[in-house]
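Down below is the structure, laid out as structure tokens.
For clarity, every value in this text was computed on a predicted model and none was experimentally measured. Each residue takes its place number in the sequence, starting with 1.
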Amino acid sequence: MIKINKMKKFFAAFSILTIVLMTIPVGNIIEAGAIALKISAPSNYNVKEKDSLSFTLTFSGDIADIDMINSDVALEGFKADIEITGTGNIRTLNLKNVEGIGTGKRVRISGGIGISSTGAVSNAVNSALFNIVAKDSIAPKLVVSNPNPSQVYVGGTVSYVLTFTDNVGVIDIDMIKQDIALQGFTADVAITGSGLSARTVTLSNIQGSIGGGKYIKVSGGIALDAEGNVSNSANAPVFVIAEKPVDPVVPDPDPIVPDPVVPKPNPEPEKEKPTDWIKNPNTGR
């Protein structure tokens, strides 16, 4: 009888325990105290040297605290300035001024940054691989053509063609009249052309002393490439202000010849009048 009672108590206790276990979600039993860290893809898989890239770090699970410092970030194969921002379960890892050109770079985040209520800690994690590429440091190049024409009279016109080139391409040309300095003369300046390769500078009504050594100086910084490099300044080839020749006197091919002057015949000399001569009132003789 005693044995039967013990068996009844055992089965009753087992039934109660089974009911209790069945009422607890299985997920809670498995996940209780767990915490996980994930890292996003890099913001740029081909970052340029001296530029920046970033990652997003996401903590999930039973998080009681997140304590992350710069030394928790290991840079593999490169150098950078580390900055960690954000609150809550998300942190942003900013890597600035990256150095170390090459492929296969990555970031490793230490384990133990996140802590659960039961003392469990977050996992370590590696980022996807990325590359650091050389930054373009070649500036756009300005070349100024020969003057057209190379010799001009006072009041005349000369033009130059300005050509801009770049190894990866010019993205902007911003040119105004103040970018042209006249050396040794004065003139009216006009700039024409569009696009990302050339401009024409026309100098009209040129005034200055007779002689050579006249030219223009073009300012730097007119053309811009994608990396922020700007074009050089340049002095143009010289032109000459020549003295305008005096037009020669050309003889008239059909000159007007005046009629010859025919001398009048001398009048007959008057005869000596007699002493008793009296002037005829009608003829005067």
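- At least one donor-acceptor pair under 3.5 Å links the side chain of S127 to the backbone N or O of V107.
- Taking both residues in full, the closest heavy atoms of A64 and S116 are given as CB-C, 3.7 Å, listed atom of the first, atom of the second, then distance.
- Here I210 pairs with V154, I241, E243 under the side chain to side chain contact (heavy atoms under 4.5 Å, CB included) rule; sequence neighbours left out.
- The heavy-atom pair separating E76 from R108 by the smallest distance is OE2-CB, 3.7 Å.
- Taking N70 as the reference, I82, I84 meet the side chain to side chain contact (heavy atoms under 4.5 Å, CB included) condition, with sequence neighbours excluded.
- Listed by first and then second residue, the ring-ring contact (aromatic ring centres under 6.0 Å, His included) pairs involving residues 192-224 amount to none (not counting sequence neighbours).
- Atoms OG1 and CG, on T58 and N89 in that order, are 8.5 Å from each other to the nearest 0.5 Å.
- Among all heavy-atom pairs drawn from D174 and D179, the shortest one is O-OD2, 3.9 Å.
- In this structure, S40 contributes its side chain and T56 its backbone to a donor-acceptor pair below 3.5 Å.
- Judged purely by atom type and a 3.5 angstrom limit, S231 uses its side chain to pair as donor or acceptor with the backbone of A223.
- At a threshold of 4.5 Å between non-hydrogen side-chain atoms, the residues T85 and N94 count as touching.
- Within the structure, ring-ring contact (aromatic ring centres under 6.0 Å, His included) contacts touching residues 80-102 (residues at least two apart or in different chains) do not occur.
- A heavy-atom distance below 4.5 Å is not found between the side chains of L196 and F164.
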*Residue pair S209, K214: steps toward the side chain to side chain donor-acceptor pair (under 3.5 Å) verdict*: CA-CA 10 Å; S209 60; K214 320 300 183 185; 3.0 Å; yes
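- In this view, N205 and Q207 satisfy the side chain to side chain donor-acceptor pair (under 3.5 Å) rule, not counting sequence neighbours.
- Under the side chain to side chain contact (heavy atoms under 4.5 Å, CB included) criterion, T163 pairs with V161, T165, sequence neighbours left out.
- Side-chain contact between L57 and K38: absent, with no pair of heavy atoms (C-beta onward) separated by less than 4.5 Å.
- At distances below 3.5 Å, at least one donor-acceptor pair connects side-chain atoms of N123 with backbone N or O atoms of L37.
- Through chains of ILVMFWY side-chain contacts below 4.5 Å, I171 is grouped with L224, V230.
- Taken to the nearest 0.5 Å, the CE atom of M175 stands 8.5 Å off from the CZ atom of R199.
- Residue L53 comes nearest to P42 through the heavy atom pair CD1-CB, 3.9 Å, listed as atom of the first residue, atom of the second, then distance.
- With contacts defined as side-chain heavy-atom distances shorter than 4.5 Å, the pair S219/S233 does not qualify.
- Sorted by first and then second residue, the side-chain hydrogen bond (donor to acceptor under 3.5 Å, both in side chains) pairs involving residues 136-157 (not counting sequence neighbours) are D136-N167.
- At least one side-chain heavy atom of N97 sits less than 4.5 Å from a side-chain heavy atom of E99.
- When the side chain to side chain donor-acceptor pair (under 3.5 Å) test is applied to N131, the partners found at least two apart in sequence or on another chain are N46.
- Remark: I222 CD1 to L162 CG distance equals 6.5 Å, nearest 0.5 Å.
- In this structure, I109 is a member of the same hydrophobic cluster as L75, with clusters built from ILVMFWY side-chain heavy atoms closer than 4.5 Å.
- Side-chain contact between S159 and P147 is absent, with no heavy atoms from C-beta onward closer than 4.5 Å.
- Residue pairs meeting the ring-ring contact (aromatic ring centres under 6.0 Å, His included) criterion with at least one partner in residues 171-199, sequence neighbours excluded, are F185-F239.
- Proximity of a side-chain donor or acceptor of K217 to a complementary backbone N or O of A181 within less than 3.5 Å is not detected.
- Linking Ile, Leu, Val, Met, Phe, Trp and Tyr residues whenever their side-chain heavy atoms come within less than 4.5 Å leaves Y160 and V240 in two separate clusters.
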*Derivation of the side-chain contact (heavy atoms from CB on, under 4.5 Å) call for I216 and L182*: CA-CA 5 Å; I216 62 172; L182 309 181; 3.9 Å; yes
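- Listed by first and then second residue, the ring-ring contact (aromatic ring centres under 6.0 Å, His included) pairs that reach into residues 43-97 are F78-F130, sequence neighbours excluded.
- Taking Ile, Leu, Val, Met, Phe, Trp and Tyr as hydrophobic and joining them when side-chain heavy atoms fall under 4.5 Å apart, one finds I90 isolated, its cluster having no other members.
- Closest of all the heavy-atom pairs between D166 and A139 is OD1-C, 3.4 Å.
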_Walk me through whether I66 and R91 qualify under side-chain contact (heavy atoms from CB on, under 4.5 Å)._
CA-CA 10 Å; I66 296 175; R91 298 290 187 273; 3.7 Å; yes
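- Here the CD1-NZ distance, from I132 to K50, works out to 10.5 Å after rounding to the nearest 0.5 Å.
- Annotation for V201 and L203: closest pair CG1-CD2, 4.0 Å, computed over non-hydrogen atoms.
- A donor-acceptor distance shorter than 3.5 angstrom exists from the side chain of D225 to the backbone of N229, with no hydrogens or angles considered.
- Rounded to the nearest 0.5 Å, atoms OG (S117) and CD1 (I63) are 10.5 Å apart.
- Atom CD1 in I35 sits 5.5 Å away from atom OG in S122 (nearest 0.5 Å).
- For the pair I176/I191, no side-chain contact is recorded, criterion being any heavy-atom separation below 4.5 Å from C-beta on.
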